[in-house]
Amino acid sequence: MNQTMNKVLMKGNEAIAQAAIHGGCRYFFGYPITPQNEIPEYMAREMPKVGGVFLQAESEVAAINMVYGAAGAGARVMTSSSSPGIALKQEGISYIVGSEVPCVIVNISRGGPGLGGIQPAQSDYYQSTRGGGNGDYNFIVFAPANIQEAADLTAEAFEIADYYRNPVMVLGDGMIGQMMEPVVFRDTPKRELQPKDWATTGTGGVRAPNIINSLHLQPADLEKHNEHLQAKFRLMRENEARSESYQTADAEFVFVAYGTSARIVRNVVDELRERGVKAGLIRPITLWPFPVVAFKELPDTVRGVMSVEMSCGQMVDDVRLALNGRFPVGFHGRSGGMVPSQQEIIEACLDMLKEVE
Amino acid sequence: MTGTKASILTTGSRVASSRVWIISGHYGSGKSEFAINYALRLRARGEKVALCDIDVVNPYFRSRERRGFLEARGIQVVGNSLAVDEGIDLPAVSAELYGPLADSTVHTVIDVGGDPVGARLLRSFRRLIPTAETELLCVVNAMRPATRTVDDLITQINGIEAASGLSVSGLINTTHLLEDTTAEHLHAGNKLCIEVGERTGLPVRFVGALEHIVSELPEEIQGERVGIAMHLRSSWMFAEKELRYGAK
C-alpha cells in the first residue's frame with residue numbers, strides 16, 4: 001500500500017486539536033475567535049468520545065482560569081485562542097507559571113493591535129516570549145511551520161509541560177491554523193515524568209491537603225520561589241531550544257524566519273541560490289528559548305542577517321541579541337494580515353547586500 | 001430523506017440541461033478549488049458564467065479571493081454584500097446572487113460554505129433556484145477524517161439536505177492529499193462514492209483531480225473528469241518545487 005494512504009488531510013486547527021487528544025489532553029476550555037474556531041469545534045465533537053470534557057467558557061479569562069483549576073487537579077488540559085483572546089489570558093498564564101502547573105496554550109494569531117483583523121500575523125512574538133502577565137516568568141513557545149509539525153509539537157507539548165510543571169505555548173499564525181495539509185499522528189517522544197503528587201486530587205483523609213497557589217507573602221520565600229523557577233527556565237534554555245538551519249554552511253546572507261514566513265523564505269533561499277546569491281535560513285522552532293546556538297554556528301562568510309516577520313519587527317530583537325554585533329542585522333516585515341511575497345523578500349535581501357558592501 | 005424538500009433533478013438524462021451547480025460538502029474537501037476550476041471550464045466553452053461564493057464558514061481560502069483572476073477571464077464573481085473579499089467573517093450574502101439565478105443565459109456555480117452549517121444559507125433563497133436546471137452536488141474527499149465512511153457521508157448529505165431544504169442530486173469525487181495525491185486516493189474515493197450511491201441512489205457526477213492525475217484515470221473511476229489547477233494555495237505552500245513554481 002502507498003505510504004500516504006495512512007495520512008489524512010486536515011486543516012491546521014483540526015490537526016492541532018486531534019494532536020492534543022493524541023497527546024493525552026482530556027480537558028479543553030475555550031471561547032470562540034477567528035481564525036482558531038475549528039479547534040473548539042473539533043474538541044466539542046471529539047472530547048466526549050474519549051471521555052474528556054469540552055467546555056465553552058463565558059470568556060477567555062474564565063477559560064484560562066478553568067485551565068488553571070484542571071491543571072492543578074493534575075489533568076492534561078488545553079486552551080486555545082487568537083491574539084486578543086490570548087491577551088485576555090495573560091493574568092491566568094502568570095498565575096499558572098507561579099503555581100507551577102502544566103498546561104498547553106494554543107495561539108492561532110491574527111493581526112493587531114486591539115481587535116485588529118482575522119488574517120494571519122506574527123505580531124504576538126513579544127506577547128509570547130516576553131509575557132503580558134506580571135512577574136519573572138517564561139514558558140516554551142513552539143512555532144510550527146507546517147501542519148505535520150504543528151501536530152507533532154502539540155502532542156509533545158503536553159509531555160514537556162508535565163516534565164517542567166510549566167505551560168507550553170503553540171504559536172501558529174492564522175495561515176498555519178487555516179491551511180490544509182496531509183498529516184499522520186505518530187508516537188510522541190516520552191519523558192520520564194514524576195507522579196503528580198502535588199495535585200489537588202483529594203487527601204483521602206491520609207495526607208495533608210495540596211495547595212495550588214502563587215501567593216508568597218514573605219519576601220524571602222518569594223525570592224526563593226523565584227530562584228527555583230529561574231533554575232527551571234535555565235534548564236529549558238539549555239535543553240529545549242530547537243531550530244532548523246537550511247543552506248547556512250556556506251551562506252553569505254542568512255534569513256531568520258518562523259512559521260508561515262519561514263515557508264516563504266525557504267523558497268526565497270532556493271531562488272536566490274539559483275541567481276548566485278548564497279542565501280540560507282535559520283528557522284527557530286522554539287521562539288523561547290531562542291535558538292542562539294544556531295547563530296553561533298554561522299560561518300564567517302556571512303555578510304548580513306535579516307529577520308523576516310509578519311509583524312513590524314519583534315523577533316529581530318532576539319536576532320540582534322543572539323548575534324551580539326557579529327553581523328549587520330536587517331528586517332523585512334508585513335503586518336495587518338498581509339503575507340510577504342517571495343519577490344519583495346528577494347529585493348530586500350539584494351538591497352541590504354548592497355548597503356553592507 | 002424527507003419529502004418536504006424542493007425537487008432538484010436527480011437523473012443523468014437531465015444533466016445536459018443543467019445551468020446551476022451548487023457545490024456543497026464537508027469543509028476542506030476541495031469545494032472552492034472545484035468551483036473555480038469548473039467555472040473556468042464552463043467559460044472556456046464560451047458560456048456566460050457566474051461564480052457565487054456564499055461561504056460563511058471558512059475565514060480564509062475562499063474562491064472570491066481570486067476575483068481579479070476570474071473577472072479577467074470574463075467570469076462574474078459574486079462575493080458578499082460588503083464588497084470585501086478578504087478579512088471579514090460576516091454572513092453578509094450579496095443580493096447580487098439573485099441576478100445569475102434568474103438569468104437563464106448564465107451558467108452559475110455556487111460555492112457553498114462547508115457542512116450543514118454552510119448549506120443553511122441556501123434555504124434563504126431556495127425559492128429562487130431554478131430547480132429543474134440545478135444540480136446540488138456534495139464533494140467527497142475520502143482522505144478527510146470526518147468523511148471517510150459511508151455512514152459519515154450519509155450523515156453529511158442528510159445534514160445538508162435538512163439545512164438547505166434541497167435534495168442532493170449527485171457526488172463529486174475530490175479525494176486528494178494535495179501534492180501527495182496518487183490515483184490510489186481517487187480509487188479509494190471512487191469506492192466510497194459508489195457505496196454511498198448504493199445506499200442513496202446518488203450518481204458520481206464529477207471526479208476532480210490535479211491535471212496530471214485526472215488525465216490518466218482508468219475508466220472504472222466514475223464521473224466526468226475535471227482537471228484541477230490549485231488557485232487558492234500560494235506557491236510557498238507547495239513542498240515540491242515544480243508545483244511551487246507552476247502555481248500562481
Side-chain angles (χ1 to χ4, degrees), chain A residues 1-15 18 33-38 41-42 45-46 82 108 110-111 116-120 145-148 174-175 177-185 260-268 270-271 274 336-342 345, chain B residues 26-33 56-62 65 84-90 114-115 117 139 141-148 152 155 174-189 230 232-245 247-248:
Chain A
M1 189 173 83
N2 172 341
Q3 282 199 340
T4 59
M5 291 304 285
N6 62 0
K7 289 190 180 178
V8 287
L9 185 68
M10 289 182 105
K11 204 179 239 210
N13 285 333
E14 295 176 309
Q18 178 55 41
I33 181 170
T34 306
Q36 63 85 54
N37 284 325
E38 293 82 2
E41 181 188 20
Y42 193 93
R45 192 176 64 235
E46 299 299 325
S82 179
I108 300 300
R110 57 189 247 178
I118 64 167
Q119 298 300 119
N146 61 54
I147 307 311
Q148 184 64 57
M175 202 54 89
Q178 289 297 326
M179 68 188 280
M180 311 276 311
E181 274 179 353
V183 62
V184 61
F185 296 93
T260 289
S261 300
R263 293 276 291 264
I264 302 165
V265 170
R266 211 183 155 90
N267 289 5
V268 166
D270 291 347
E271 200 166 327
E274 279 169 18
M338 299 300 290
V339 177
S341 71
Q342 286 173 218
I345 299 168
Chain B
H26 185 40
Y27 74 80
S29 300
K31 282 186 305 297
S32 295
E33 293 286 17
V56 295
V57 175
N58 269 322
Y60 300 2
F61 301 107
R62 294 156 155 174
E65 290 172 15
V84 179
D85 293 323
E86 281 184 79
I88 56 169
D89 54 353
L90 300 172
D115 296 344
V117 175
V139 294
N141 184 344
M143 305 314 288
R144 290 281 288 141
T147 55
R148 298 195 98 172
D152 285 342
T155 302
T174 57
T175 301
H176 73 96
L177 267 183
L178 293 164
E179 62 257 48
D180 289 353
T181 311
T182 64
E184 202 172 346
H185 300 113
L186 285 143
H187 274 281
M230 284 193 261
L232 293 173
R233 289 176 76 81
S234 303
S235 60
W236 59 264
M237 293 181 191
F238 296 100
E240 287 169 39
K241 211 169 163 189
E242 287 134 47
L243 282 165
R244 248 194 254 161
Y245 289 99
K248 57 153 166 157

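Below, read A as the first sequence line, B as the second, and so on, with proteins coming before strands; counting in each chain starts at 1.
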One option among A/Gly177, A/Gly111, A/Gly174 has the most heavy-atom pairs under 4.5 Å with chain B, and it is A/Gly174

Would you give the length of the straight line joining atom NE2 of B/His185 to atom NZ of A/Lys7, rounded to the nearest 0.5 angstrom? 8.5 Å

Taking every non-hydrogen pair under 4.5 Å, which of A/Thr260, A/Ile264, A/Asn37, A/Val265 racks up the most with chain B? A/Ile264

Which bit of B/Ala188 is near chain A, if near means a heavy-atom gap under 4.5 Å: side chain, backbone, both or neither? side chain

Closest approach of A/Glu41 to B/Tyr27 (non-hydrogen atoms, all atoms of both residues): OE1-OH, 3.7 Å

For a quick test of reading the model, state the closest non-hydrogen atom pair linking A/Met175 to B/Met237 and the distance between them. SD-CE, 3.8 Å

Minimum heavy-atom separation for A/Glu38 and B/Asn58, please, with both atom names. OE2-OD1, 4.3 Å

For the pair B/Arg233 (side chain) and A/Met179 (backbone), establish whether a donor and an acceptor sit closer than 3.5 Å, ignoring hydrogens and angles. no

Nearest heavy-atom neighbours spanning B/Pro59 and A/Ile118: CB-CD1, 3.9 Å

Could you tell me which non-hydrogen atom of A/Leu9 sits nearest to which non-hydrogen atom of B/Gly28, and how far apart they are? CD2-O, 3.8 Å

When the 4.5 angstrom heavy-atom criterion is applied to A/Glu14 and chain B, the contacting part is side chain

Pairwise distance CE(B/Met143) to CE(A/Met10) - rounded to 0.5 angstrom: 12.0 Å

Examine whether an atom of A/Val339 lies under 4.5 Å from a heavy atom of chain B, and if so say whether it belongs to the side chain, the backbone or both; otherwise answer neither. side chain

Checked A/Ser341, A/Gly337, A/Pro35, A/Pro120 vs chain B; the most non-hydrogen pairs under 4.5 Å come from A/Pro120

Can you say whether A/Glu46 sits under 4.5 Å from chain B via the side chain, the backbone, both, or neither, judging by heavy atoms? neither

